[in-house]
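Just so it is clear, the model here is predicted, and its values are computed rather than measured.
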Protein chains: 2
Amino acid sequence: MREKLEKYFSYVFEKELIDEIVQVGVYKKLRENEILVDLGDKMKGIPLLLEGAIKIVREDKNGEEILLYFLERGDTCASSFASAITNGKCGIRATAEKESEIIFLPKEKLDEWMVKYKSWRTFVIDSYNIRLNEMMETIDSLAFMNMSERLYKYLTDKAQIMRETSLNTTHQDIAYDMHTSRVVISRLLKQLENEGKIKLHRNKIEILEF
Amino acid sequence: MREKLEKYFSYVFEKELIDEIVQVGVYKKLRENEILVDLGDKMKGIPLLLEGAIKIVREDKNGEEILLYFLERGDTCASSFASAITNGKCGIRATAEKESEIIFLPKEKLDEWMVKYKSWRTFVIDSYNIRLNEMMETIDSLAFMNMSERLYKYLTDKAQIMRETSLNTTHQDIAYDMHTSRVVISRLLKQLENEGKIKLHRNKIEILEF
DNA sequence: TAAAATATGTGATTTAAATCACAAAAAAAA
DNA sequence: TTTTTTTTGTGATTTAAATCACATATTTTA
């Protein structure tokens with residue numbers, strides 16, 4: 001745990017803070033598709049992502065989903081922070097897109113560290129800012145882009161986060177994330193393939209152009 | 001200034017913090033439609049809204065707009081906070097929807113107060129959380145609601161923020177905020193009027209049902 | 001008061017996306 | 001190997017929203 005923490009956080013956190021995190025943090029491995037946070041959960045702490053990729057989705061009353069953004073290593077979940085601090089419920093679902101490793105930080109420390117460590121304050125504020133910007137990008141996509149553009153952005157964004165040039169996914173899964181229908185996705189994917197931007201396989205999409 | 005600050009913030013901030021704000025804060029009155037923050041601005045501080053209502057919009061490369069949310073008294077602008085702290089550019093435009101009063105807080109104090117005042121930490125984190133939730137609501141609207149539902153939500157939300165039951169606005173202005181066309185808005189408004197939810201006048205919409 | 005600008009109303013048409021319906025290929029299970 | 005399930009492909013139709021085109025109020029200003 002200390003090893004990975006130092007690998008990704010040594011230039012973010014002071015040594016003393018890393019020491020504290022090692023003491024109170026709880027290491028956890030998530031298998032692919034494991035749910036880390038569900039709708040309505042009350043968080044007793046916040047996760048620090050050491051390795052892997054986490055998908056954050058929003059769900060409405062009818063059970064329909066829309067992807068908000070992905071987390072990658074070095075990130076934390078701003079919604080969890082909110083929930084932990086205010087004792088409120090979490091409005092999102094977080095699912096591991098691949099095997100991931102996290103450190104769970106108990107909520108009692110969150111405010112204490114704000115006073116003690118400049119690097120922690122910076123990290124928390126930066127996390128919120130990054131998340132606000134991601135949300136704005138999501139809003140931009142929904143408001144200003146057509147399905148084909150959104151789809152291409154989805155594919156390239158996800159490939160980046162997953163650190164792969166091919167995605168192992170089905171048309172139906174993409175449709176769920178983008179809150180549309182499988183038929184629409186299949187047609188647009190075929191179109192992107194004809195434009196030479198991607199190559200389609202069963203359960204797999206190769207991205208040829210970024 | 002002290003008077004209004006105490007009126008809305010005495011139960012939010014400690015007395016010592018209010019004293020400091022009075023010392024370093026710069027009071028400013030905004031007239032209707034005045035631009036407080038524009039795209040690409042670098043913020044030298046953050047505004048604290050004492051009175052009035054501020055509209056926050058996002059703009060894409062083609063100059064097309066979409067409303068993100070409104071601020072009301074007691075609120076601050078999380079994007080400005082981000083911009084002030086990181087010295088980065090602001091990705092939004094903030095416009096006074098009616099005459100408003102703000103206090104401008106210099107960025108040098110923002111981090112200092114995080115260490116000194118528990119109430120400031122709570123205020124900052126709460127502000128971010130409220131904004132994240134607003135953004136999620138905006139995403140919900142875009143992803144899950146049809147135009148008619150979005151329009152009705154827009155009208156009732158805005159009326160609430162403006163503390164009025166009628167809105168002085170044109171169909172075109174609504175269309176800009178919702179990133180659609182005037183014709184679409186005019187038709188849907190007429191439909192809402194037929195359902196008895198609103199009453200239409202020139203330059204004015206009465207909301208009959210909340 | 002006449003002309004111009006602004007705001008709203010409404011039919012007709014187009015378009016992107018959603019939906020329906022079904023076929024076929026590939027993989028998994030029996 | 002046969003059957004079943006999962007995944008993908010594609011024509012046809014429907015629908016919400018966008019766009020075009022123009023009429024008619026209402027207000028402003030020349």
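Residue B:Leu142 contributes atom CG, which lies 16 Å from atom C1' of C:dA17 at whole-angstrom precision. Straight-line distance from the CG atom of A:Leu188 to the P atom of C:dA17: 7 Å, rounded to whole Å. In this structure, the CD1 atom of B:Ile185 is 13 Å from the C1' atom of C:dT8, given to the nearest Å. Atom NE2 of B:His171 and atom P of D:dT19 are 19 Å apart (whole Å). Distance CE (B:Met178) to P (D:dA16): 16 Å, rounded to an integer number of Å. One interatomic measurement links the two molecules: NZ of A:Lys204 to P of D:dT8, which rounds to 13 Å at whole-angstrom precision. Nucleotide C:dA24 holds its P atom 16 Å from the NZ atom of A:Lys190, rounded to whole Å. Between A:Met147 atom CE and D:dT15 atom C1' the separation is 15 Å, expressed in whole Å.
Checking the phosphate oxygens (OP1, OP2) of C:dA18, a side-chain nitrogen or oxygen of A:Thr180 falls inside 4.0 Å.
A heavy atom closer than 4.0 Å to some atom of DNA chain D occurs in A:His201, A:Arg202, A:Asn203, these being the qualifying members of residues 193-203 of chain A.
For the side-chain contact (heavy atoms from CB on, under 4.5 Å) with A:Ile56, the qualifying choice from A:Thr95, A:Asp75, A:Ile92 is A:Ile92, the only one to do so.
Residue contacts for A:Thr170: at a heavy-atom cut-off of 4.0 Å it reaches the sugar-phosphate backbone alone, with no base atom in range.
Heavy-atom nearest nucleotides on DNA chain C were determined for A:Arg182 and for A:Asn146, and the one closer to the 5' end corresponds to A:Asn146. When each of A:Val184 and B:Gln172 is assigned the nucleotide of DNA chain C bearing its nearest heavy atom, the one mapping closer to the 5' terminus is B:Gln172.
Judged by distance alone, with hydrogens and angles left aside, the side-chain atoms of B:Ser83 form no donor-acceptor pair with the main-chain N or O of B:Ser79 at under 3.5 Å. No donor-acceptor pair closer than 3.5 Å links the side chain of B:Arg131 to the backbone N or O of B:Cys77. For the pair A:Ser100 (side chain) and A:Ala53 (backbone), a donor-acceptor distance under 3.5 Å is present.
Using modelled atom types, one finds no donor on one side chain facing an acceptor on the other under 3.5 Å when comparing A:Tyr69 with A:Asp157.
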**Prompt:** Where do B:Arg121 and A:Asp111 land on the side chain to side chain contact (heavy atoms under 4.5 Å, CB included) test, with the steps shown first?
**Reply:** CA-CA 8 Å; B:Arg121 292 194 295 277; A:Asp111 188 63; 2.8 Å; yes
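Across all strands shown, the partner of C:dA29 is D:dT2, judged by Watson-Crick or G-U wobble contacts whose two distances both fall under 3.5 Å.
Classified by interplanar angle (parallel below 30°, tilted 30° to 60°, perpendicular above 60°), the ring pair A:Phe13/A:Trp120 is tilted.
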